[in-house]
Participant: 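Dropping a structure here in structure tokens format, bear with me for questions.
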Number of protein chains: 2
Amino acid sequence: MNTTSRTEENYLKAIFQLCERSDEPIATNAIAQAMQTSAASVTDMIKKLSKKELVHYQKHKGVRLTDTGNSLATSLVRKHRLWETFLVKKLNFSWEEVHEIAEELEHIPSKKLINRLDDFLGNPKFDPHGDPIPDADGNFTFRKQISLPELAEGAEGILVGVQDDTMPFLQYLNKFNLTLGTKIKVIERFAYDDSTKIIINDEREQILTNKVCLNLFVKTISI
Amino acid sequence: MNTTSRTEENYLKAIFQLCERSDEPIATNAIAQAMQTSAASVTDMIKKLSKKELVHYQKHKGVRLTDTGNSLATSLVRKHRLWETFLVKKLNFSWEEVHEIAEELEHIPSKKLINRLDDFLGNPKFDPHGDPIPDADGNFTFRKQISLPELAEGAEGILVGVQDDTMPFLQYLNKFNLTLGTKIKVIERFAYDDSTKIIINDEREQILTNKVCLNLFVKTISI
DNA sequence: AAATATTTTTAGATTAGTCTAAAAATACTT
DNA sequence: AAGTATTTTTAGACTAATCTAAAAATATTT
């Protein structure tokens, strides 16, 4: 049988996501943590995926996705992000609450379904979180993260990282609810003192000094 | 745990559907046939569902759904039919090809999702096959089948049965592609000879004699 | 009502995915 | 480089859902 179970799919996706940040092979323990399961279970599953040639694996050396494994995982990400877009744009869900439902929907197998959904949504390039949606061939625009001062006036972005990761700075951010994933819209830049007026999560206005802005990385959203 | 697995859900739905046509308790074998599995597996599952109080069961006496079992099955039917409607009305699937996909989608658990989908579709009362869609409380209009002459001019129906089931008649119907599930729209009735002009599947016009019409049962569609 | 046929249930095995506990391999520390 | 700590793998067991084959219960026929 050349079919993948829901569980196998979830493992593939977890590995895919762990690959995104590093080119190193992925450790058993890292997968166990991501999947909320034991290292022993992960080893079992890795062997199975390896036999199916979905991952490259040598004992004690971690795993990498094969090309088939990678394209399978990419198609899961495509489905996940298209369904999220559907939930937000058509069913009026807020973009914090869609993840869990999309985790389910992404396992619906029909290729025709997902391509029709893609068309129905107008072939969006990015999902409501600002993450790129792979097209039917698995290609997607990599959107590099930029620092907040590079974000144009009027543009929106998602907070995805910080330069300065010392406690005082992180505490400062927390005070203003500037947590990872927060949506930031640049309202205006003031040349006088280089400060920037933003709106946080479409709700609250806030002024940030240039020093703070330089330490924030965002991904732009263009829906 | 008060949660039902995908497999349990499929059994409940099968039992529900077998209940629809008869008030008798459902036989193990009937379920086995519907589920394409062995009678032994059915007995195992029945015991499990009985322990969960989703079915009433006595050995060798067949099963019935309990109230909870029934409302669970009803909510599956609701989901199935709403997703089918979505696929046909929004994603332009033809209504023969949606069943299989809806079999998957009906297991997505979120109540909020299905209610939003219902609203998005304009709270339809019937699915593309003409079957009634239960509302959020599990109530649905029972639509009795009528013979074709009872269907008003301009109205549409789905062919669901025949009175005369002799070979010559069935062959006659086949020649005109009047198979079960065919969509029939009444264009005009001619008093002169009691014949009826219909459109078959939105495609082909056809004239039927009264004798033929009297032998056809349809369910009306009101979308 | 006895014999036969059918249906349903039990018994015991199988597979996928998981677990814990112990063994083996690798990595770190001094 | 030797000893300790950590990570990974193996071994063996568990659960859900299934299977086949045999036993038990019910239904049908003569």
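Chain naming here is simple, since letters A, B, ... match the order of the sequence lines and numbering starts at 1 in each.
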Participant: Starting at the 5' end of DNA chain C, which residue's closest nucleotide do you reach first, A/Glu8 or B/Gln58?
Facilitator: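 Nearest-nucleotide comparison on DNA chain C picks B/Gln58.
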Participant: Using a heavy-atom cut-off of 4.0 Å across all strands, would you classify A/Lys61 as base, sugar-phosphate, or nothing?
Facilitator: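 Answer is nothing: A/Lys61 stays at 4.0 Å or more from every strand.
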Participant: Check this one for me: any side-chain N or O of B/Tyr57 less than 4.0 Å away from OP1 or OP2 of C/dT9?
Facilitator: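 B/Tyr57 to C/dT9 OP1/OP2: side-chain N or O found under 4.0 Å.
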Participant: For B/Thr7, which contact category applies under a 4.0 Å heavy-atom criterion: base, sugar-phosphate, or nothing?
Facilitator: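 Touches sugar-phosphate only.
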Participant: Parallel, tilted or perpendicular: which fits the ring planes of A/Phe169 and A/Tyr172, with parallel below 30° and perpendicular above 60°?
Facilitator: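 Ring orientation, 0 to 90° scale: parallel.
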Participant: Using OP1 and OP2 only, check whether a side-chain N or O of A/Lys59 sits under 4.0 Å from C/dT26.
Facilitator: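 Result: no.
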Participant: Can you tell me the distance, in whole Å, between the CZ atom of A/Arg6 and the P atom of C/dT15?
Facilitator: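 Rounded to whole Å, this separation is 23 Å.
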Participant: Okay, side chain of B/Asp137, backbone of B/Asn139: is any donor-acceptor separation there less than 3.5 Å?
Facilitator: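 Checked: no pair found.
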Participant: With a cut-off of less than 4.0 Å, is there a side-chain N or O of B/Lys47 near OP1 or OP2 of C/dT10?
Facilitator: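 Yes, B/Lys47 has a side-chain N/O under 4.0 Å of OP1/OP2 on C/dT10.
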Participant: Would you tell me whether B/Asp127 and B/His80 have side-chain atoms, one donor and one acceptor, within less than 3.5 Å of each other?
Facilitator: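 Per modelled atom types, B/Asp127 and B/His80 side chains form no pair under 3.5 Å.
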Participant: I'd like to know if the side chain of B/Arg81 reaches the main chain of B/Pro132, judged simply by a donor and an acceptor atom lying under 3.5 Å from each other, with no hydrogens or angles considered.
Facilitator: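 Yes: the side chain of B/Arg81 pairs with the backbone of B/Pro132.
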Participant: Pairing donors with acceptors under 3.5 angstrom, does anything connect the side chains of B/Thr182 and B/Thr179?
Facilitator: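 B/Thr179 and B/Thr182 do have a side-chain donor-acceptor pair below 3.5 Å.
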Participant: Could you please name the option among D/dA21, C/dT18, D/dT18 that lies closest to any side-chain atom of B/Met45?
Facilitator: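 Shortest atom-to-atom distance from the side chain points to D/dT18.
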Participant: Would you call the rings of A/Phe120 and B/Phe86 parallel, tilted or perpendicular if under 30° counts as parallel and over 60° as perpendicular?
Facilitator: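 Perpendicular, since the angle between the ring planes exceeds 60°.
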Participant: Check the phosphate of C/dT18 against A/Ser41, side-chain N and O only, distance under 4.0 Å to OP1 or OP2. Yes or no?
Facilitator: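 No, because none of the side-chain N or O atoms of A/Ser41 sits under 4.0 Å from OP1 or OP2 of C/dT18.
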Participant: Starting at atom CD of B/Glu24, determine the distance to atom P of D/dA27, rounded to an integer number of angstrom.
Facilitator: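 Rounding to the nearest Å, CD of B/Glu24 and P of D/dA27 are 12 Å apart.
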Participant: Could you check whether A/Thr28 gets within reach of a base, just the sugar-phosphate, or nothing at all, counting any heavy atom under 4.0 Å?
Facilitator: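 Sugar-phosphate contact only.
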Participant: Please confirm whether the shortest side-chain N or O distance from A/Asn29 to OP1 or OP2 of D/dT6 is below 4.0 Å.
Facilitator: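 The answer is no; no side-chain N or O of A/Asn29 sits under 4.0 Å from OP1 or OP2.
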Participant: Nearest whole angstrom, please: distance from the C1' of C/dT8 to the CD1 of B/Ile31.
Facilitator: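 Going from CD1 in B/Ile31 over to C1' in C/dT8 covers 12 Å.
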Participant: Can you tell me which nucleotide in C/dC19, C/dT10, C/dT8 comes closest to the side chain of B/Ala27?
Facilitator: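 It is C/dT8.
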Participant: Name the closest nucleotide to the A/Ser38 side chain, picking from C/dT18, C/dT20, D/dC19.
Facilitator: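 The answer is C/dT20.
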Participant: Rounded to the Å, how far apart are A/Asp44 CG and C/dA16 C1'?
Facilitator: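 My rounded result for the distance is 10 Å.
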Participant: Would you mind reading off the distance between B/Glu9 atom CD and D/dA16 atom C1', rounded to a whole angstrom?
Facilitator: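 Going from CD in B/Glu9 over to C1' in D/dA16 covers 15 Å.
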Participant: Within less than 4.0 Å of OP1 or OP2 of C/dT18, is there a side-chain N or O belonging to A/Tyr11?
Facilitator: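 For C/dT18, OP1/OP2 do have a side-chain N/O of A/Tyr11 under 4.0 Å.
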Participant: Return the value, rounded to whole Å, for the distance between atom CD of B/Gln36 and atom P of D/dC19.
Facilitator: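 It is 11 Å, rounded to the nearest whole Å.
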Participant: Send over the distance from B/Lys52 NZ to D/dA16 C1', rounded to a whole Å.
Facilitator: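 That distance rounds to 11 Å.
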Participant: Look at the side chain of A/His60 and decide which nucleotide, out of C/dT8, D/dT8, C/dC19, has an atom nearest to it.
Facilitator: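 Nearest to the side-chain atoms of A/His60, counting from C-beta on, is D/dT8.
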